[in-house]
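Read the structure below first, then the notes.
Order of listing sets the numbers, starting from 1, for every ligand and every atom in it. When a residue number appears, it is its place in the shown sequence, counting from 1.
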Amino acid sequence: MSPAARTDPVLTDRLLLTPIGVQHVDELAILHQEPLVDHWTGPWTPALVRTWVNGMAERWAVDGVGKWIAHDRSTGVLVGRGGLSRMVIGDEAVLEVGWAVRDTSTGNGYATEIGRAALAWAATFSPEVPVVAFTEVHNAASVAVMRRLGLRRSGVIHREGLVAGRPGLHARAPFVLYRQDVAGPGRA
Ligand SMILES: CC(C)(COP(=O)(O)OP(=O)(O)OC[C@H]1O[C@@H](n2cnc3c(N)ncnc32)[C@H](O)[C@@H]1OP(=O)(O)O)[C@@H](O)C(=O)NCCC(=O)NCCS
């Protein structure tokens with residue numbers, strides 16, 4: 001069922017998706033201590049988590065869109081985070097869809113479920129803005145989610161991130177860019 005307003009929580013088959021706010025700092029800190037999440041999206045210090053959460057709360061307030069925190073809808077257990085961020089790539093305004101799931105919760109389709117909810121949200125509240133996703137070229141698990149969602153590979157961009165076989169963060173790491181076809185799922 002579609003939420004009535006942009007900032008309403010979203011219910012999926014298994015998840016409750018809630019706009020991230022300052023009350024979620026402790027749970028985001030737990031999520032970002034997970035080794036896989038830390039590897040691909042970090043490194044995170046407690047201060048950085050707090051700054052990121054404050055920034056996300058502001059995005060919801062200013063942009064009317066942002067990332068959700070994901071809980072199991074029946075147990076309330078923290079599953080991960082994900083959703084949309086407004087950004088400009090090149091000179092194009094887009095909505096970026098992303099996801100991170102607790103290490104022990106991967107392999108269950110939760111990231112795909114979050115991504116599907118984000119595509120539905122975009123189709124309802126922001127149908128004129130293209131939806132894209134990107135990740136380091138060697139993040140196979142995240143690329144697989146993009147494919148499961150029916151996104152189409154559309155190029156490579158460079159930004160700060162990881163490079164296969166070279167430790168640390170690199171200023172111009174290659175990221176694969178995927179995008180939703182205009183007539184694709186959720187936009188019919
Ligand atoms: C990227 C990430 C979210 C992918 O998680 P994931 O669990 O592999 O992806 P999904 O939630 O879509 O689950 C897909 C897996 O669940 C299985 N699955 C089980 N039930 C499923 C269902 N109902 N629907 C879809 N897939 C299901 C699939 O077969 C697949 O397993 P496989 O990888 O063995 O083929 C996770 O690896 C992660 O959090 N990584 C760290 C953070 C990160 O890299 N984020 C992206 C930064 S750009």
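By the criterion of a heavy-atom distance under 4.0 Å, neither the backbone nor the side chain of Asp103 is placed next to ligand 1. Only the side chain of Trp40 comes within contact range of ligand 1, with a heavy atom under 4.0 Å; no backbone atom does. Under 4.0 Å from ligand 1, not a single heavy atom of Glu136 appears. At a heavy-atom distance under 4.0 Å, atoms from both the backbone and the side chain of Thr106 approach ligand 1.
Judged by distance alone, with hydrogens and angles left aside, the side-chain atoms of Asp103 form a donor-acceptor pair with the main-chain N or O of Leu36 at under 3.5 Å. Without hydrogens or angle criteria, Glu113 side chain to Arg14 main chain gives a donor-acceptor distance under 3.5 Å. Side-chain N or O atoms of Asn139 include none that pairs as donor or acceptor with a backbone N or O of Glu136 at under 3.5 Å. Without hydrogens or angle criteria, Arg6 side chain to Gly64 main chain gives a donor-acceptor distance under 3.5 Å.
Here the heavy atom of the protein found nearest to atom 28 (C) of ligand 1 is Arg148 NH2, 4.3 Å. Protein heavy atom at the shortest distance from atom 45 (N) of ligand 1 is Trp99 O, 2.8 Å. Considering only non-hydrogen protein atoms, atom 26 (N) of ligand 1 sits nearest to Gly109 CA, 3.4 Å. Of all protein heavy atoms, the one lying nearest to atom 38 (C) of ligand 1 is Val101 N, 4.0 Å. What sits closest to atom 11 (O) of ligand 1 on the protein, heavy atoms only, is Ala111 N, 2.6 Å. Protein heavy atom at the shortest distance from atom 44 (O) of ligand 1 is Asn139 ND2, 2.9 Å.
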Going through the distances and angles, do Leu162 and His39 end up as a side chain to side chain contact (heavy atoms under 4.5 Å, CB included)?
CA-CA 9 Å; Leu162 304 174; His39 174 76; 3.7 Å; yes

Side chain to side chain contact (heavy atoms under 4.5 Å, CB included) for Tyr178 and Thr135? Distances and angles first, verdict last.
CA-CA 9 Å; Tyr178 276 68; Thr135 191; over 6 Å; no

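Close approach to Phe134 involves these atoms of ligand 1, each under 4.0 Å from a residue heavy atom: 48 (S). Residue contact check: Ala141 has heavy atoms under 4.0 Å from atoms 37 (O) of ligand 1. Annotation for ligand 1: atoms under 4.0 Å from non-hydrogen atoms of Gly107 are 6 (P), 7 (O), 15 (C), 16 (O), 17 (C), 18 (N), 19 (C). Against a heavy-atom cut-off of under 4.0 Å, Ser142 is close to the following atoms of ligand 1: 1 (C), 46 (C), 48 (S). Less than 4.0 angstrom separates some heavy atom of Thr135 from each of these atoms of ligand 1: 48 (S).
Considering Asn108, Val97, Asp13, Val143 only, the shortest heavy-atom separation from atom 23 (N) of ligand 1 involves Asn108. The residue from Leu162, Val145, Thr112 that puts a heavy atom closest to atom 12 (O) of ligand 1 is Thr112.
Within the 4.5 Å cutoff, the side chain of Arg81 has heavy atoms near those of the Thr41 side chain. Contact check for Ser126 versus Val65: no side-chain heavy atoms found under the 4.5 Å cut-off.
Residue contacts with ligand 1 do not include Gly98, since none of its heavy atoms lies under 4.0 Å from the ligand.
Taking the six-membered ring where tryptophan is involved, the planes of His24 and His71 are tilted, since the angle between them lies from 30° to 60°.
Inclusion of Leu36 in the set of residues having an N or O under 3.5 Å from an N or O of ligand 1 is not warranted.
Ion pairing of Glu27 with Arg102 is absent here, as no side-chain N (NZ or NE/NH1/NH2) approaches a carboxylate O to less than 4.0 Å.
By the neighbour-count criterion of 12 heavy atoms within 6.0 Å, atom CZ of Arg152 is densely surrounded, having more than that number from other residues, nucleotides or ligands.
For the pair Leu28 and Val49, the tightest heavy-atom approach, listed with the atom from each and the gap, is CB-CG1, 3.8 Å.
For atom 34 (O) of ligand 1, the nearest protein heavy atom is 4.0 Å or more away.
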